[in-house]
Amino acid sequence: MNVQALWVYPVKSLAGIQVQSFELDDFGPAGDRRWMIIDDDRHFVTQRKYPELARIKTSFVDGRVIVDIPGEGRFPLMSTVEDVRVQVWRDWALARIGSADASEALSRYCGQAFRFVFMPDDSFRQVDVARVSDRRRVSFADGFPFLITNSSSLDDLNHRLEQPVEMRRFRPNIVLDGAQAWSEDDWRALDIGGIRFSVVKPCSRCVMTTVDPDAGTKDPGVQPLRTLTGFRKTEEGVIFGMNAIHESAGMVQVGDTVSIIDKE
């Protein structure tokens with residue numbers, strides 16, 4: 001097996017960036033989901049309810065996150081010194097309010113009052129203790145630092161669909177090639193470019209997989225989620241991909257060799 005593709009998502013639920021490599025820091029892929037959008041109740045905002053967020057592009061320029069909001073322009077995301085407690089699923093985490101200009105443009109685009117917030121280094125959000133006993137942190141990602149997917153599994157899914165979908169629908173960080181379809185179900189630990197990853201749980205999928213990442217609209221036939229539900233529904237939910245944590249710092253690159261250290 002090897003690494004086929006790598007993705008980083010600077011802002012939770014906005015478009016990701018395909019990269020050739022990324023550094024691993026305490027949070028996971030460096031720069032991944034350190035920014036998020038909140039509403040007036042300080043709750044996180046995603047494509048589940050606002051699929052048009054998919055059309056907002058992101059980039060890194062000189063170490064700073066830039067958002068390109070349709071009809072509004074490009075804005076650098078800069079945090080202020082104002083702290084706020086924000087909610088991500090069942091967690092409340094410390095964040096810093098972003099500068100007003102980008103948030104105001106986002107609010108105009110979505111027709112709702114939204115704000116960008118940043119997770120600083122001194123904020124600690126715990127990875128699910130039911131899955132990971134060590135004191136490990138995660139950014140604003142749903143629950144774990146990494147999502148690893150298998151290109152052969154996408155191929156199998158696409159053979160069942162009238163209209164094939166891209167891996168972008170599933171928002172992975174690491175896409176692997178060279179494995180049998182759905183063999184990831186049995187993985188428990190991987191070596192990726194010399195770094196050990198513990199595979200801690202299957203990733204249950206939601207309506208976000210139905211959002212066209214270019215159009216920012218949901219599929220009227222609820223695809224590919226409807227088809228996936230027909231053969232991948234488990235006690236964990238409708239499964240595609242595996243959540244993982246890294247066991248050391250380092251760098252992962254496209255083309256890195258991948259080996260299975262432990263499996264069920």
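No experiment lies behind these values; they were computed from the predicted model shown. Basis for what follows: all heavy atoms, side chains included, without hydrogens, waters or symmetry-related copies.
Taking the ring centroids of W7 and F22, they lie at or beyond the 6.0 Å cut-off. Taking the six-membered ring wherever Trp is involved, the centroid distance between the rings of Y109 and F114 does not fall below 6.0 Å. Ring pair F197/F146: centre-to-centre distance below 6.0 Å.
Using a 4.5 Å heavy-atom threshold, the side chains of N2 and V254 count as separate. P10 is listed as a side-chain neighbour of I17, based on a closest heavy-atom distance under 4.5 Å. Side-chain contact check for T149 versus L176: every heavy-atom pair is 4.5 Å or farther apart.
Contact record, R115 with I97: NH1-CD1, 3.5 Å, taken as the closest heavy-atom pair. When all heavy atoms of A181 and D156 are compared, the closest pair comes out as CB-CB, 4.1 Å. Between D122 and L94 the shortest heavy-atom distance is OD1-CD2, 4.1 Å.
Note: I56 CD1 to L106 CG = 5.0 Å, rounded to the nearest 0.5 Å. Atom NZ in K201 sits 5.5 Å away from atom SG in C203 (nearest 0.5 Å). Atom CG of L154 sits about 10.0 Å away from atom NE2 of H159, to the nearest 0.5 Å. In this structure, CG in D25 is found 6.5 Å from NE2 in H246, a value given to the nearest 0.5 Å. Once rounded to the nearest 0.5 Å, the distance linking CZ of F116 with OG of S99 reads 9.0 Å.
For the residue pair S153 and E184, a side-chain donor N or O sits within less than 3.5 Å of a side-chain acceptor on the partner. Using modelled atom types and a 3.5 Å distance limit, the side chains of S151 and D177 yield a donor-acceptor pair. Inspection of the N150 and W182 side chains reveals no N or O donor paired with an N or O acceptor under 3.5 Å.
With salt bridges taken as basic N to acidic carboxylate O contacts below 4.0 Å, none links R196 and D191. Using a 4.0 Å cut-off between charged side-chain N and carboxylate O, D121 and R34 make a salt bridge. Between R232 and D185 a salt bridge is recorded (basic side-chain N to carboxylate O distance below 4.0 Å). Salt bridge status for D142 with R48: present, with a side-chain N to carboxylate O gap under 4.0 Å. For the pair E247 and R136, the salt-bridge criterion is met [side-chain N within less than 4.0 Å of a carboxylate O]. Salt bridge status for D212 with K218: absent, with no side-chain N to carboxylate O gap under 4.0 Å.
At least one donor-acceptor pair under 3.5 Å links the side chain of T209 to the backbone N or O of C206. A donor-acceptor contact shorter than 3.5 Å links the side chain of S183 to the backbone of Q180. Proximity of a side-chain donor or acceptor of Q87 to a complementary backbone N or O of W89 within less than 3.5 Å is detected. Between the side chain of S248 and the backbone N or O of I195 there is no donor-acceptor pair closer than 3.5 Å. No side-chain donor-acceptor contact under 3.5 Å links T80 to the backbone of G98.
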| Worked verdict on R168 versus D214 for salt bridge (charged side-chain N to carboxylate O under 4.0 Å, His left out) | CA-CA 10 Å; R168 285 191 297 162; D214 293 319; 2.9 Å; yes
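Aromatic ring orientation, W35 versus F118: tilted (interplanar angle from 30° to 60°).
R125 forms no cation-pi arrangement with F27, by the criterion of a distance under 6.0 Å to the ring centre and an angle within 45° of the ring axis. Under a cutoff of 6.0 Å and an axis angle of 45°, R131 and F144 do not form a cation-pi pair.
With sequence neighbours excluded, the residues that form a side chain to side chain donor-acceptor pair (under 3.5 Å) with D83 are R96.
For CZ of R64, the number of neighbouring non-hydrogen atoms (other residues, nucleotides, ligands) closer than 6.0 Å is 12 at most.
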